[in-house]
Number of protein chains: 2
Amino acid sequence: MSSPTIKHQLLTQFARLGKALSHPNRLELLEFLAQGPRGVDELAGVSGLSVANTSQHLQQLRQSGLVESRRQGQRVYYQLAGDDVVSLMDALRRVARQHLPDVDMLVRDHLDPRDAMEPVPLDQLLARIRNGEVTVVDVRPEAEFRAGHLPGALNIPLEELETRLTQIDPEREVIAYCRGPYCVLAYDAVYRLRERGYRARRMEDGYPEWKTAGMPVEETG
Amino acid sequence: MSSPTIKHQLLTQFARLGKALSHPNRLELLEFLAQGPRGVDELAGVSGLSVANTSQHLQQLRQSGLVESRRQGQRVYYQLAGDDVVSLMDALRRVARQHLPDVDMLVRDHLDPRDAMEPVPLDQLLARIRNGEVTVVDVRPEAEFRAGHLPGALNIPLEELETRLTQIDPEREVIAYCRGPYCVLAYDAVYRLRERGYRARRMEDGYPEWKTAGMPVEETG
DNA sequence: CTATCATTCAATTGATCTATTGATTCTTGA
DNA sequence: TCAAGAATCAATAGATCAATTGAATGATAG
């Protein structure tokens, strides 16, 4: 061994990252943060955790280098440390899907059946948006939509889908998207739209991946 | 929340993967396994762990889906579950390097100074090997070399480097490689060769990445 | 300066993880 | 069938981690 000490130090550091990814609550927080910066209470709200607990998990994430925080007024905003964190989570999901039978089963049983309709790849979609061929529907809650969305997207949170169907042209194809590849919102939306006769498909991946891929977005700053 | 149960189940499964990556010894085992299949006692030997401990870590890795095992005779061989596992580890290293100051410091202080010489990218190297322009030196132990190596590579384990210098043509450029991007063996080799006046450079990444990239290899067996 | 809100800290308990030890299973060769 | 090597299993003690609780900090509005 040329330098076991350095090697071990490096491995210990890498393991810190793994530890950060080893708790479901932290992974959920990372998924929310992939949407964009969020405050602590906001994150506590959507994840159903106590504020103190959320804060502690976020600090672990910060110490592991996955997220950063900045203070703005009396609240603290957390955000992913970089796009490579999104890539890391993608790699994690891909391996899980590929090699954990339980994951494959969950996805197959609960998500895939609704998705016999193949998802639309990002790059193809951009061209069709510019041609005005499709109606892009963002089914996330309004707050997330406001923080950033696809160009020309129509925001219809899932709960309002039935009541706002009239806003969607039945002649044009509908592309729904939400938070990410395993976000069920878009699946649900496509499912319900198809039930009503719309030609609906799901966008492959979600908003964070779209943005990470360098595609144009509309942001409210 | 459309289906919190499924979501939570998925996150829990993803967390299993993170847990597998949360201990330095397991990461080290994964790095060795990235070289190719290995027996338990072999892994225990190179990692310095007891056989029982090694076995238990390997079983955790297997349960997390990262590695597979098969019995051959009286010994059990473990191997990575797929190339996506290598990608996952790459993503992990990249994020660590980017966002953990300690890692960047370690790499900068101990590895980078020896590497002012820029590493050779994989794709460029292949062409130069075929032209016969370079001497490719594999500095890993002989056992690992035998399991698989770059086409035409010369195996000179680091300890034997000084005694076998005569086998290297001083006129041709030397490209050294070993186990991976953070393997210190190749750094050491380049450093020592340069001390003696050779034109030596390091291959970017190591044998596992080369093989994963679909490049040609020579395998025994 | 005080009251209030958002966040963090500190301390506790119960749960999970790790390395070691010694016994056990499984396979091969005699 | 028996003995030996390889790997796993089972049980233990020490360490680390997670969620809760209540107190403490930091920033803003009045």
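Naming convention: chains lettered A, B, ... in sequence-line order (proteins, then strands); numbering from 1 in each chain.
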Discussion item. Whether A/K211 and A/E218 form a salt bridge (side-chain N of Lys/Arg under 4.0 Å from carboxylate O of Asp/Glu) is what I want to check.
Written reply: no
Worksheet item: Charged N to carboxylate O below 4.0 Å: is that the case for B/D84 and A/R94?
Response: no
Worksheet item: What pairs with B/R71 under salt bridge (charged side-chain N to carboxylate O under 4.0 Å, His left out), at least two apart in sequence or on another chain?
Response: none
Just how far, in rounded Å, is [atom2] of [N] from [atom1] of [X]?
X     : N      : atom1 : atom2 : answer
B/E42 : D/dG5  : CD    : C1'   : 15 Å
A/R16 : D/dT16 : CZ    : C1'   : 15 Å
A/Q59 : D/dC17 : CD    : C1'   : 15 Å

Worksheet entry | Side chain A/W210, main chain A/E204, donor-acceptor under 3.5 Å | no
Discussion item. Looking at A/S55, I'd like to know whether one of its side-chain N or O atoms comes within less than 4.0 Å of OP1 or OP2 on C/dT7.
Written reply: no
Discussion item. Please tell me if A/Y78 has a side-chain N or O lying less than 4.0 Å from either OP1 or OP2 of C/dA6.
Written reply: no
Item to complete: Would you give a per-nucleotide map of nucleotides 11-25 of chain C, 5' to 3', where B means the base has a protein non-hydrogen atom under 4.0 Å away, S means only the sugar-phosphate does, and - means neither?
Response: ------SSBBB----
Fill in: Donor-acceptor pair between B/D138 and B/Y207 side chains, under 3.5 angstrom
no
Fill in: Sequence-distant partners of B/N25, side chain to side chain donor-acceptor pair (under 3.5 Å), two or more places apart
none
Donor-acceptor pairs are to be reported for all side-chain atoms of residues 33-46 of chain B against protein atoms at under 3.5 Å, with residues two or more places apart or in another chain.
residue : atom : partner : partner atom : Å
B/Q35   : OE1  : B/R140  : NH1          : 2.8
B/Q35   : NE2  : B/R179  : O            : 3.4
B/E42   : OE1  : B/G39   : N            : 3.1

What pairs of donor and acceptor atoms, side-chain ones from residues 50-65 of chain B against any protein atom, are under 3.5 angstrom apart with sequence neighbours left out?
residue : atom : partner : partner atom : Å
B/S50   : OG   : B/N53   : N            : 3.1
B/N53   : OD1  : B/H57   : NE2          : 3.4
B/T54   : OG1  : B/S50   : O            : 2.8
B/S55   : OG   : B/Q59   : NE2          : 3.0
B/H57   : ND1  : B/R26   : NH1          : 3.2
B/Q59   : NE2  : B/S55   : O            : 3.3
B/Q60   : OE1  : B/R26   : NH1          : 3.0
B/R62   : NH1  : B/S69   : OG           : 2.8
B/S64   : OG   : B/L61   : O            : 2.8

Discussion item. Looking only at the side chain of A/Q74 (C-beta and beyond, no hydrogens), which of the listed nucleotides D/dT8, C/dC5, D/dA6 gets closest?
Written reply: C/dC5
Worksheet item: NA contact type, B/Y77, heavy-atom cut-off 4.0 Å: base, sugar-phosphate, or nothing?
Response: nothing
Worksheet, complete the sentence: Under a 4.0 Å heavy-atom cutoff, the residues of residues 62-73 of chain B touching DNA chain C are B/R71, B/G73
